[in-house]
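We name chains A, B, ... by the order of the sequence lines, and we start the count at 1 in each one. Remember, predicted model here, so these are calculated numbers, not experimental data.
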Amino acid sequence: MPIRRDDRGRYVEVEPRRTEETAWLRCRECGELVFRRKLKESNHICQRCGAYFFLTAHERVTSLVDEDSFEPLGLGATSLDPLEFVDRRPYQERLEEAQAITGLNDAILVGRGTLDGCPLVLAVMDFRFIGGSMGQVVGDEIAAALERCAQEEVPFVLVVASGGARVQEGMVSLLQMAKTVAARNVLAEAAVPFIAVLTYPSSGGMLASVGSLADITIAEQGAMIGFAGPRVIEQTTGERLPAGFQTASFALEHGMVDQVVTRESLRAELTRALSVLQGGSHG
Amino acid sequence: MPIRRDDRGRYVEVEPRRTEETAWLRCRECGELVFRRKLKESNHICQRCGAYFFLTAHERVTSLVDEDSFEPLGLGATSLDPLEFVDRRPYQERLEEAQAITGLNDAILVGRGTLDGCPLVLAVMDFRFIGGSMGQVVGDEIAAALERCAQEEVPFVLVVASGGARVQEGMVSLLQMAKTVAARNVLAEAAVPFIAVLTYPSSGGMLASVGSLADITIAEQGAMIGFAGPRVIEQTTGERLPAGFQTASFALEHGMVDQVVTRESLRAELTRALSVLQGGSHG
Amino acid sequence: MADDTSIRALEEKVAELRTMMESGGVDLSEEITLLEKKLFALRREQYARMSDWDRVKLARHPERPRGSPLVEAVAENFYELRGDRMGGDDPALRGGPALLDGRRIMILFHHRGSTREQQHACRFGMATPQGYRKAIRLMNIAERLRLPLLSLVDTPGAYPGVQSEEQNIAGAIAESISRTLALDVPTLTVILGEGGSGGAIAIAATDRVLMMENATYSVISPEGAAAILWKDPQATPQAAQALRLTAPPLMELGLIDQIIAEPVGGAHTDPKSTADELRTAVSNHLHELSSIPLDELRALRYKRYRNAGSVRAAADQRG
Amino acid sequence: MADDTSIRALEEKVAELRTMMESGGVDLSEEITLLEKKLFALRREQYARMSDWDRVKLARHPERPRGSPLVEAVAENFYELRGDRMGGDDPALRGGPALLDGRRIMILFHHRGSTREQQHACRFGMATPQGYRKAIRLMNIAERLRLPLLSLVDTPGAYPGVQSEEQNIAGAIAESISRTLALDVPTLTVILGEGGSGGAIAIAATDRVLMMENATYSVISPEGAAAILWKDPQATPQAAQALRLTAPPLMELGLIDQIIAEPVGGAHTDPKSTADELRTAVSNHLHELSSIPLDELRALRYKRYRNAGSVRAAADQRG
Ligand SMILES: [Zn+2]
Ligand SMILES: [Zn+2]
């Protein structure tokens, strides 16, 4: 599954290769130079043109949970490189680089926290980590989080930012689709709510498994939501893609998501969703 | 739900008002006068043009089960006329007339029999009985048949020929949809196969309930299959109906039925379907 | 409705007096009170001798409380879920979780829209296969999260269009009935306005079925019955009568469980009290249903529909 | 494949001699037997040193036994069920009940078609949302009638078209995986030819997964991997190797349960014996699976996929 970027989305990417933080970033939409600290205050939205800079997992977590409430739950595992994969570079090298850039073991950050006092387990993907692709670590983390939520009866919120399966793990990555879906079925039997937030991008094997099976699915404005990449579709079928293809509103119109919200209102929207699923006195 | 006739279908109707049998019938498709006895031998298909004369319930039963194997199982009930309904004529009168014409209590004939030696319960509707509409008797008969099949583990075959709900029974007729579906769910839990045969016409409340919920659904060539009548659609929406709308091949193309078969091959098709669902040594 | 004109004239007169009083400063409150009493009496009189056809018109009244405004008035924290996850989202059949009297439930409701554009988009509350498939999805969520189901029915019927047939509207309704009947949570329907045939029963095969006082529930519209059975559009009022589509005869036939009272003149004359009555009735029934063990509930549900309008059940009752 | 041309030349020669013998009446059987021995040796030699990319080409071989002809050869009384009951029928993903070695089962299989028209209609075995929704319907029937499920996978992948996206192909695959995992009957997959990514796993998350000797199962096509990771179409054979998409490494990784032997040269050289081997393997596994109580089976299934390619499971194994 290709790692892809949608040029039509109003998403602005942080250059993923740089480990050191620069003070200024350039908005790819309007060209404005924005001060990184200012950007944080504006929820990583360009104040001039409204374009979204995508969030790192840590930034997303901070924007969604009550201050200081987040407690990481990760398994602490790193990919075993099950295929000993080498393309132009060894997969091992790519992993180490991504770990250095993101400060994460893999493309997902899992933890517990509260949102307006309501406890939840939050799993947030980081697109900078090899395109947010799902390999054995992402699969294990999501499955463990789902099982934990089922056991402890805490709602699960998954923020998707993924280009699909981790190609470098071959069939091992494909099987994470089955793994995460199996664990999602466990949560369903426990009657615990699952909310998915689809951001830029939500595609490939991630969308074709646990990412499509939430009780409530919220799309962030500017999300790219689709199974196959635009280039693959055009090359395979020769079809011309309609305007707005695979945008959040396309997904809403085609019945794939429940709501589309801006980044500013995502937190409130999650609170609203959790309160109706968790609230109530008669149980 | 209106009782309707599809003029595009290659179906030829027997005049339902006449109680005495005439020796000759005119084919509405080609104008040929056909001898009633000859017609029976040809499975009620015009030998000149291939048009289908619709079958009475008794004729259909004869065409499908092993000779002399049919044993009626009907409840022996007649409609209680729950609304004491009168339009231009009392419903009671229509009932008595339909009973006289068809020799049936209501629009369905239920019984057990064998097909190539394989036991089954067969329920066949008769379009001559107030358009094959489903009122309390049809609902009760289908539900009782389904329950019996579940209990005795005998496959159920339903041959639909129905314009929809029995308007003269008002809401009582609408509730037969829920009744038959509830009984169908009982059969499902018993793991007993259910085969529906859709003929001319299969529409309205009959199609929107038990008629759409079989394990295997076979359409007879020349069937009309659709929820709303063509006239209703045109009047409500102003849409022009595409060619072949609501025909058997339209239903196949749109994923509504598993197979379309000619009347001549229906019996063999049912045998084939029953043998794979019932056969096997390892259970 | 009979005497509609004199009531309207009186209503206008009251409004005039109010405006006069507010702008002119003259105290006309006594006159207004008197006129309002007269108006109420007229309304009650008219209301008492409403024909079934009048009732149909009331059920279809453009200002009748319905759709999402009514849901918002009856429940809190309604969170709309959209989409069938298969290609579309039908605005005519909606739903989502909400809190009703502090209880988490899943609500399904028909939406007819109030503006012309909305009404067009919602096809006046006639749902498509996409709507019924969304309903099934929401029922699955309700069962998964153990939320009782509340169906608020208000539809002229399922949408009879070419695309509806292409997408197998009959199959979608059948599956929706089947799913409703199999749900492992308490289920409740209120017929709010029009309960139109297959489009209504698709989400109404529930443990209990309530009807608003002026709602109708019918296998066919009176206009349709007049056209087909009487071959005469003039026979519509007569057909409305013959179909027994109002709440009292349906209560007598044992097909519904309770009639929810409306204010004199109909629900639209007092949406607030209508919502309160509705909430109370729903809350009471959900409370009762939640005390029944689920397997017993499903057995009762089966019996209910197995016996609904049954020849044998009726014979047993009479004999 | 290396040396493909010399093998083809020899094949042609044998065919020529046969024709000569049949038409001319000259006995050339000795010469033919000798040549065939030579051919067999060449094939075996070539077969032994096949690269993974050769294997991909063999898996895609136009004459490879697959689709409905293979189903008819392996099972009896196959009764095709068509349609998703929601608007369409996908000819690329098919199925229905059948008897296999006397056992009633439900078969799902990809169909690529043999004629050009068929291949176009089937999109070379790339299924659409309609296909996966039909698969779910058939799984529901299988569970209802307690038929074990057999998935025969042979697809380049799910169809990447505009309409696929409009009808939520990702959601259809996800639901299909979910349904497969939840099925209350024994389930078995055989990767017949190509096991292409999401389009394959959609129906392959079963109790056991077998692979034909020359089948491939991969998260991405070698061509796709070469384009994305190597940025070079020339790297395709290298990508095929790196992806570990053939049966032996997948067996080593613990992702499949058995490799079904093919005749030397590949399944297409002897479709009859291929079908027999396949039937025997399927029958044996179904026999074993049917002896396991259903709740145990589902627990084993959960464990299988929970641990599939897991960091922890692997660590446990190594530690
Ligand atoms: Zn900008
Ligand atoms: Zn003729």
Side-chain angles (χ1 to χ4, degrees), chain B residues 1-3 75 77-80 82-83 85-88 135-137 139-140 143 165-179 181-186 203-205 207-213 225-229 232-233 236-237 239-242 245-246 250 254-256, chain C residues 126 157-175 177-178 180-182 195 197-198 200-202 204-205 217-220 224-232 235 238-239 242-245 249-250 253 255 301-302 305-312 314-315 318:
Chain B
M1 245 140 283
I3 298 150
L75 303 169
T78 57
S79 170
L80 299 171
L83 271 45
F85 194 91
V86 181
D87 47 70
R88 291 179 307 166
Q136 52 182 191
V137 173
D140 279 1
R166 178 83 44 93
V167 174
Q168 293 89 345
E169 293 184 18
M171 277 302 296
V172 166
S173 74
L174 193 72
L175 278 161
Q176 306 312 311
M177 293 170 70
K179 175 186 296 179
V181 172
R184 193 275 173 267
N185 287 353
V186 167
S203 58
L207 190 68
S209 61
V210 67
S212 280
L213 298 174
I225 299 166
F227 179 63
V232 172
I233 296 173
T236 313
T237 69
E239 293 175 307
R240 283 193 54 195
L241 307 184
F245 188 61
Q246 297 184 332
F250 175 91
H254 290 94
M256 294 159 67
Chain C
M126 291 186 279
Y159 185 68
V162 169
Q163 195 178 291
S164 282
E165 300 287 334
E166 286 171 345
Q167 299 181 343
N168 195 10
I169 180 75
I173 291 172
E175 294 284 357
I177 297 172
S178 176
T180 313
L181 286 167
S197 195
I201 192 78
Y217 195 6
S218 183
V219 70
I220 189 170
I228 291 167
L229 298 180
W230 278 265
K231 323 265 179 204
D232 177 11
Q238 204 176 330
L243 283 167
R244 304 261 189 276
L245 42 65
L250 293 176
L253 285 163
L255 302 182
R301 192 188 295 157
Y302 184 72
Y305 289 98
R306 181 63 180 87
N307 292 337
S310 154
V311 172
R312 188 147 304 173
R318 288 178 193 190

I want to check something: taking the side chain as every heavy atom from C-beta on, are [X] and [Y] in contact at a cut-off of under 4.5 Å?
{"X": "B:N185", "Y": "C:Y302", "value": "no"}
{"X": "B:R88", "Y": "C:D232", "value": "no"}
{"X": "B:V186", "Y": "C:R306", "value": "no"}
{"X": "B:L241", "Y": "C:E165", "value": "no"}
{"X": "C:L243", "Y": "B:V167", "value": "yes"}

Ignoring hydrogens, what is the shortest heavy-atom contact between [X] and [Y]? Give both atom names and the distance.
{"X": "C:G161", "Y": "B:T237", "answer": "CA-CG2, 4.0 Å"}
{"X": "C:I173", "Y": "B:F227", "answer": "CD1-CZ, 3.8 Å"}
{"X": "B:S209", "Y": "C:A174", "answer": "O-CB, 3.4 Å"}
{"X": "C:Y305", "Y": "B:A178", "answer": "CD2-CB, 3.5 Å"}
{"X": "C:R244", "Y": "B:L83", "answer": "NH2-O, 3.2 Å"}

Rounded distance [0.5 Å steps], [atom1] in [X] versus [atom2] in [Y]:
{"X": "B:R166", "Y": "C:I220", "atom1": "CZ", "atom2": "CD1", "result": "13.5 Å"}
{"X": "C:E166", "Y": "B:Q246", "atom1": "CD", "atom2": "CD", "result": "10.5 Å"}
{"X": "C:I201", "Y": "B:Q176", "atom1": "CD1", "atom2": "CD", "result": "10.0 Å"}

[X] versus chain B, heavy atoms under 4.5 Å apart: side chain, backbone, both or neither?
{"X": "C:Y217", "value": "both"}
{"X": "C:S178", "value": "both"}
{"X": "C:I177", "value": "both"}
{"X": "C:E175", "value": "both"}

**Request:** Check each atom of B:V86 against the heavy atoms of chain C and say whether the ones under 4.5 Å are side chain, backbone, both or neither.
**Result:**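 Contact with chain C involves the backbone of B:V86 alone.
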**Asked** So what's closer than 4.5 Å to chain C heavy atoms on B:R184: side chain, backbone, both or neither?
**Response**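 Neither; nothing under 4.5 Å.
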**Request:** Give the member of B:I233, B:T236, B:L175 that has the highest number of heavy-atom pairs under 4.5 Å with chain C.
**Result:** B:I233
**Prompt:** Given B:E169 and C:V219, is the side chain to side chain contact (heavy atoms under 4.5 Å, CB included) satisfied, shown in steps?
**Reply:** CA-CA 9 Å; B:E169 293 184 18; C:V219 70; over 6 Å; no
**Fill in**
In C:L255, C:L253, C:V311, the residue satisfying side-chain contact (heavy atoms from CB on, under 4.5 Å) with B:P82 is C:L253
**Message:** I need the residue from C:K231, C:R301, C:M126, C:Q238 with the largest number of non-hydrogen atom pairs under 4.5 Å to chain B.
**Reply:**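 The candidate making the most pairs under 4.5 Å is C:K231.
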